[in-house]
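Report on one structure; see the data block that follows.
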Amino acid sequence: MDSSQIALLKTFTHYFLHLVFPVFIALIFYRENWKKVYLILLATMLVDLDHLFATPIFDPNRGSIGFHFLHSYYAIAVYFLMLFFKGNIRIIGIGLLFHMLTDFQDFYCWSH
Ligand SMILES: [Zn+2]
């Protein structure tokens, strides 16, 4: 693969993890109300609003994890604790942790 194909695959993986994979999480763990759960999981993408406080807002050479405040290790610890609650808080926690995983692989698992 040449670098433009790798870039395409990286973009595809990013959106697949953000948009499609949550469908599977919702269907596997919350079959009865998977649509509601999927919407909550999608809504956790709002954590990327913390990028608005950084300059530049987007920098492909900067990893989000450990940089933006909603992507800090303290925030991730809070998201992890949310798993111990029931109901929507747990769903949001799952979505946020999964978001961090998506951002992490996006930055660290591709040569750039
Ligand atoms: Zn993010």
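For ligands, and for the atoms within them, numbers begin at 1 and follow the listed sequence. Position 1 is the first residue of the sequence; numbering continues from there.
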Query raised in the report: Is there a side-chain contact (heavy atoms from CB on, under 4.5 Å) between Ile92 and Leu41 once you walk through the steps?
Result: CA-CA 6 Å; Ile92 294 168; Leu41 292 173; over 6 Å; no
**Report entry** Partner residues of Asn88 under the side chain to side chain donor-acceptor pair (under 3.5 Å) criterion, sequence neighbours left out
**Finding:**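 Residues passing side chain to side chain donor-acceptor pair (under 3.5 Å) with Asn88: Lys36.
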Report task. State the count of protein N/O/S atoms located less than 2.8 Å away from the Zn ion (ligand 1). Result ->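 Total protein N/O/S atoms under 2.8 Å from the Zn ion (ligand 1): 4.
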**Report entry** Plane angle bin for His71 and His99 - parallel if under 30°, tilted between 30 and 60°, otherwise perpendicular
**Finding:**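 Taking His71 first and then His99, their aromatic rings stand perpendicular (interplane angle over 60°).
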Query raised in the report: Relative to the ring of Phe84, is the ring of Phe80 parallel (under 30°), tilted (30 to 60°) or perpendicular (over 60°)?
Result: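 Rings of Phe80 and Phe84: perpendicular, as their planes differ by over 60°.
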Report task. Examine the side chains of Thr102 and His14 and answer whether a donor and an acceptor come within less than 3.5 Å of each other. Result ->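 No, no side-chain donor-acceptor pair sits under 3.5 Å.
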Query raised in the report: Does atom OH of Tyr15 have more than 12 heavy-atom neighbours from other groups under 6.0 Å away?
Result: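 No, the 6.0 Å shell around OH holds no more than 12 heavy atoms from other groups.
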